Structure formats: structure tokens, C-alpha cells
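Remember, it's 1-based here, ligands and their atoms both numbered in the order they're listed. Only a predicted model underlies this, so the values are computations on that prediction, with no experimental measurement involved.
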Amino acid sequence: MTDRQRITLHRLREMHAAGEKIAMLTCYDAAFARVLDEAGADVLLVGDSLGMVVQGLATTLPVSLDEMAYHTTCVARGNRLAWIVGDLPFGSYQESTEQAVRSATRLMQAGAHMVKLEGGGWTVPIVQALVERGIPVCAHLGFTPQSVHALGGYRIQGRDATAAQRLIRDARELAQAGASMLVLELTPSSVARDLVASLPIPVIGIGAGSGCGGQVLVLHDMLGVTGGRQPRFVRNFMVPGVSVQEAVRRYVSDVKSGAFPDDATHGY
Ligand code: KIV
């Protein structure tokens with residue numbers, strides 16, 4: 001892809017305004033950053049999912065800010081044009097706005113272009129403080145893995161009308177506070193569509209159906225190298241004889257054309 005432009009916040013807004021789907025994948029090292037970037041992924045998320053897929057942990061909770069900064073540096077070294085989102089890990093922003101600013105600064109200095117944090121309501125002043133200080137923010141609602149114990153496991157969020165309304169209210173507040181992107185995880189497709197319709201910013205879905213402005217998958221899931229049973233929303237883009245580069249190109253192309261996800265197969 002020689003004619004690809006560098007992905008900036010401005011470019012992401014243009015894509016959203018034009019209805020172009022945003023293709024995001026998680027990425028944790030320089031080698032894959034190069035492959036994903038060259039295959040046309042718009043956004044590389046250095047997710048704290050690295051605790052599970054790289055470190056073999058049962059949850060993302062033990063991942064440290066030092067580890068996130070290290071992996072962000074690696075990804076930034078391999079990347080050329082994609083937008084890099086650094087995930088604030090559990091315990092790095094929950095205490096105070098000051099703590100969140102310090103932690104976000106660390107990830108931005110490591111090479112992130114934007115930071116992501118989980119939750120709504122209590123995170124609104126944090127988002128506002130980060131944005132005021134020049135740090136772009138991606139919010140994360142629906143199933144939020146750092147709250148896995150409070151949520152009672154890996155469950156679909158926003159199933160009843162009250163929970164769906166709360167999701168939409170939280171999303172609107174985060175957008176008003178200045179978040180410029182939102183990841184929406186494990187939410188019924190119909191709720192995701194309502195939420196997307198009420199928000200001015202791109203919503204990147206993972207298990208949230210085809211109505212989102214983009215999609216994200218955990219890299220190891222879409223390459224079929226994660227052990228065990230996969231959630232319904234995952235598609236393995238590796239088929240025998242296909243290279244990793246080709247699998248990523250297919251993912252980008254299917255997200256952009258709307259061929260992935262297919263609500264009947266991957267939705268809730
Ligand atoms: O950490 C991560 O990889 C994420 C995605 C699941 C969206 O937050």
C-alpha cells in the first residue's frame with residue numbers, strides 16, 4: 001500500500017465523516033507492528049490484553065504500566081503510518097486525575113498517539129483532564145475486561161433497556177468530555193447501532209456487530225494462535241497456505257467493505 005497516508009486524529013475524523021470503516025488490531029511488538037502497518041491496519045492498539053495473550057495470565061489485571069510502556073515503545077519502533085493507541089492498565093488511572101495524567105504521559109512518551117481507558121461516569125473528569133493537556137483519549141465501554149470480577153465474568157453488556165440506556169448515556173458523556181474514539185465490547189448489535197447513531201465520534205466494535213464505525217480484534221485471536229474456545233465474535237483470518245500479511249490484508253479489506261463482522265455469525 002504505497003499511497004497510504006499517515007493516520008492522524010484528523011484523518012480518523014475524515015474517515016468517520018466519510019463512512020469509511022476503521023480497521024484496528026491489537027499489537028504488542030515491532031515485528032507485528034511492521035506487518036500490520038504495511039497491510040493497511042489504520043490503528044494499532046497496544047492493549048493490556050497482552051497480559052493474556054503474551055504473558056499467559058488469566059486476566060488483564062496484573063499488567064503494569066512499565067510493561068505497557070515497554071510494549072508501546074516496541075510497537076512504535078516497528079510502525080510507520082498507523083495510529084497507535086496505548087492502553088492504560090488497571091491501577092494506573094483509578095486513584096486520581098493526577099495519577100491518570102502521569103500514566104498517560106508515560107505512554108505518550110513511549111510512542112502512543114492516544115491512550116485508552118475503561119469505564120464511564122467516574123472516568124469523565126479524567127478524560128477531560130487528559131484532553132485539556134493535549135492527550136487524545138479513546139474510551140472503552142460495554143464489557144470492560146479490567147472489571148471482569150465486578151461484571152461476573154465475560155458477559156454481554158447492555159442487554160436490558162436500562163443497561164442499554166446507561167451505556168448510551170455514558171458514551172455521550174465521554175464524547176462530550178472530549179474522547180475522540182470509543183471501543184465498544186460485547187454488546188448486542190441493536191444497542192451498538194443506537195449508540196453509534198447518538199455519538200459524533202467513531203465507535204470501534206469488538207463483539208458489538210456490524211453497525212460500528214470500525215472493528216478491533218485481538219491479533220492472536222484473528223491469527224488463530226490463541227488456545228481454547230474462542231468467543232463468537234472472533235473470526236480466524238488464517239486459512240491454510242495464507243501468510244500473516246495476507247490474513248491481515250483480508251481483515252482490513254473485510255472491515256472496510258462491511259463483510260466482517262456478519263451479525264448472523266459474529267453478533268449477539
Ligand atoms: O486490551 C485490549 O486488547 C482491548 C481490546 C479487547 C479492545 O482492550
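With a 4.5 Å cut-off on side-chain heavy atoms, Leu217 and Phe233 count as touching. Side-chain contact check for Lys21 versus Ser210: every heavy-atom pair is 4.5 Å or farther apart.
The stretch residues 136-153 participates, sequence neighbours left out, in no salt bridge (charged side-chain N to carboxylate O under 4.0 Å, His left out) pair at all.
Nearest to atom 5 (C) of ligand 1 among the protein's heavy atoms is Leu45 CD2, 3.8 Å. Ranking protein heavy atoms by distance to atom 2 (C) of ligand 1, first place goes to Ser49 OG, 3.3 Å. The protein atom (non-hydrogen) at minimum distance from atom 8 (O) of ligand 1 is Lys116 NZ, 2.9 Å.
Partners of Gln55 under the side chain to side chain donor-acceptor pair (under 3.5 Å) rule, at least two apart in sequence or in another chain, are Glu67.
Residue Arg166 places its CZ atom among 12 or fewer non-hydrogen atoms of other residues, nucleotides or ligands, all under 6.0 Å distant.
Each of the following atoms of ligand 1 lies closer than 4.0 Å to a heavy atom of Asp48: 1 (O). In the vicinity of Gly47, heavy-atom distances shorter than 4.0 Å reach the ligand 1 atoms 1 (O), 2 (C), 3 (O). Under a 4.0 Å criterion applied to the non-hydrogen atoms of Thr26, ligand 1 contributes the atoms 3 (O).
Using a 4.0 Å cut-off between heavy atoms, Asp87 contacts ligand 1 through its side chain alone, with no backbone atom that close.
Between the OH atom of Tyr251 and the CG atom of Leu25 there is a distance of 4.5 Å, given to the nearest 0.5 Å.
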